[in-house]
S.K.: 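Let me begin by handing over the structure; questions about it come next.
In this chain, residues are counted from 1 in sequence order.
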Amino acid sequence: MIHYFIVQNRSGKTRLAKWYQPYTEEEKTKLTSEIYRLLNAREAKFTNFLEFRTYKIVYRRYVGLYFVMCVDTTDNELAVLEAIHLFVEILDNYFGNVCELDLVYYFYKVFQILDEVFTGGEIMETNRSLVLQQMERMDNLP
């Protein structure tokens with residue numbers, strides 16, 4: 001199960017955060033800063049998985065953004081890494097070379113895509129073309 005999904009830039013600024021478990025604002029702030037410190041200090045030669053408290057952090061860096069998921073220790077890391085990649089591919093297809101500014105200015109679209117792929121902390125849709133078709137339908141609503 002996914003506990004939270006965070007996108008941060010290299011400066012540590014959170015650009016997207018979706019929480020599937022209840023956390024207070026103070027806990028959320030603490031978690032995002034702790035995760036940023038952990039990821040920023042890691043060298044590129046290390047794996048994209050790390051133990052964090054009683055969970056597992058799976059992340060992937062694309063250009064200047066870290067896409068981070070916190071999952072249960074029993075979840076398959078490679079499947080989560082593939083889900084992150086799928087989400088980034090969908091963003092890239094939808095926005096056409098997605099960049100950090102797309103996440104900032106079109107956050108509502110990014111959350112729609114996120115909700116199409118992940119629902120309630122679980123991966124719901126793995127077919128990229130179906131997600132893009134659904135987004136196109138929503139864009140064409142009056």
S.K.: Identify the heavy atoms of Y23 and K28 that sit nearest to each other, and give their distance.
M.R.: O-CE, 3.4 Å

S.K.: L50 vs L39, test: side chain to side chain contact (heavy atoms under 4.5 Å, CB included). Steps then yes/no.
M.R.: CA-CA 9 Å; L50 60 110; L39 299 183; 3.8 Å; yes

S.K.: How long is the gap from CD on E82 to CZ on F87, to the nearest 0.5 Å?
M.R.: 14.5 Å

S.K.: May I ask you to decide whether D102 forms a salt bridge with K109, counting only side-chain N to carboxylate O separations under 4.0 Å?
M.R.: no

S.K.: L103 and L91: side chain to side chain contact (heavy atoms under 4.5 Å, CB included), yes or no, with the steps?
M.R.: CA-CA 9 Å; L103 300 180; L91 288 177; 4.1 Å; yes

S.K.: Taking the side chain from N9 and the backbone from K13, do they hold a donor-acceptor pair closer than 3.5 Å?
M.R.: yes

S.K.: So which of V7, L65, V63 actually passes side-chain contact (heavy atoms from CB on, under 4.5 Å) with E100?
M.R.: L65

S.K.: Between Y4 and L81, is there a shared hydrophobic cluster once you connect ILVMFWY residues whose side-chain heavy atoms come closer than 4.5 Å?
M.R.: no

S.K.: Taking atom CE as the centre, does M1 end up with more than 12 heavy-atom neighbours from other residues, nucleotides or ligands that are less than 6.0 angstrom away?
M.R.: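 For M1, atom CE is crowded (more than 12 foreign heavy atoms under 6.0 Å).
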
S.K.: From L31 CG over to I35 CD1, what is the distance, rounded to the nearest 0.5 angstrom?
M.R.: 5.5 Å

S.K.: Would you please indicate if the ring centroids of Y20 and F118 are separated by under 6.0 Å?
M.R.: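 Not close enough - the centres of the two rings lie 6.0 Å or further apart.
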
S.K.: Say you draw a straight line from CG of N48 to CD1 of I84; how long is it, rounded to the nearest 0.5 Å?
M.R.: 8.0 Å

S.K.: Group every Ile, Leu, Val, Met, Phe, Trp and Tyr by side-chain heavy-atom contacts under 4.5 Å, then state whether V88 and F49 land in the same group.
M.R.: yes

S.K.: A quick test of your reading: do over 12 heavy atoms of other residues, nucleotides or ligands sit less than 6.0 Å from CZ of F107?
M.R.: no

S.K.: Under 4.0 Å between a Lys/Arg side-chain N and an Asp/Glu carboxylate O for K56 and E77?
M.R.: yes

S.K.: Any heavy-atom pair between the side chains of K18 and F111 that's under 4.5 Å?
M.R.: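 Side-chain contact under 4.5 Å: yes.
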
S.K.: Name the residue from Y55, W19, F52 that meets the ring pair (Phe, Tyr, Trp, His ring centres under 6.0 Å) definition with H3.
M.R.: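 Looking at Y55, W19, F52, the match for H3 under the ring pair (Phe, Tyr, Trp, His ring centres under 6.0 Å) is Y55.
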
S.K.: So, R42 and Y59: side-chain donor and acceptor under 3.5 Å apart, yes or no?
M.R.: yes

S.K.: Between E34 and R37 (salt bridge meaning N to carboxylate O under 4.0 Å), is one present in this structure?
M.R.: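 A salt bridge is absent here (no side-chain N lies under 4.0 Å from a carboxylate O).
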
S.K.: Distance from E125 atom CD to E116 atom CD, nearest 0.5 Å?
M.R.: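 Rounded to the nearest 0.5 Å, the CD-CD separation comes to 8.0 Å.
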
S.K.: So, taking the atom named CD1 in I113 and the one named CD in Q134, what distance separates them when rounded to the nearest 0.5 Å?
M.R.: 11.5 Å

S.K.: Check whether more than 12 heavy atoms from other residues, nucleotides or ligands sit under 6.0 Å from atom CG of N97, and answer yes or no.
M.R.: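 Open: at most 12 neighbouring heavy atoms sit under 6.0 Å from CG of N97.
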
S.K.: Can you classify the ring geometry of F67 versus F5 as parallel (below 30°), tilted (30 to 60°) or perpendicular (above 60°)?
M.R.: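 Tilted, since the angle between the ring planes falls between 30° and 60°.
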
S.K.: At what distance, to the nearest 0.5 angstrom, does CG of D139 lie from CG of L132?
M.R.: 10.5 Å

S.K.: Restricting to salt bridge (Lys or Arg N to Asp or Glu O under 4.0 Å), what partner residues turn up for E122, sequence neighbours left out?
M.R.: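 Here no residue qualifies.
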
S.K.: Do V80 and M124 belong to the same hydrophobic cluster, where Ile, Leu, Val, Met, Phe, Trp and Tyr are linked whenever their side-chain heavy atoms lie under 4.5 Å apart, directly or via other members?
M.R.: no

S.K.: Please check if the side chain of Y36 supplies one atom and the backbone of R10 the other of a donor-acceptor pair under 3.5 Å.
M.R.: yes

S.K.: Is there a path of hydrophobic side-chain contacts, each under 4.5 Å between heavy atoms of I, L, V, M, F, W or Y residues, that connects Y62 with V110?
M.R.: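 Yes.
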
S.K.: Go through the steps to decide whether N127 and V131 satisfy the test side chain to side chain contact (heavy atoms under 4.5 Å, CB included), and finish with yes or no.
M.R.: CA-CA 7 Å; N127 189 332; V131 173; over 6 Å; no

S.K.: Which residues pass the side chain to side chain contact (heavy atoms under 4.5 Å, CB included) test with Y108, not counting sequence neighbours?
M.R.: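 Y108: side chain to side chain contact (heavy atoms under 4.5 Å, CB included) contacts with Y106.
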
S.K.: I'd like to know if I6 and V117 are part of one continuous hydrophobic network [Ile/Leu/Val/Met/Phe/Trp/Tyr, side-chain heavy atoms within less than 4.5 Å].
M.R.: no

S.K.: Any non-hydrogen side-chain atom of V68 less than 4.5 Å from a side-chain atom of I57?
M.R.: yes

S.K.: Please confirm whether the backbone N or O of T32 pairs with a side-chain atom of Q8, one donor and one acceptor, at under 3.5 Å?
M.R.: yes

S.K.: Could you go through the side chain to side chain donor-acceptor pair (under 3.5 Å) check for D72 and T74 one step at a time?
M.R.: CA-CA 5 Å; D72 291 327; T74 57; 4.9 Å; no

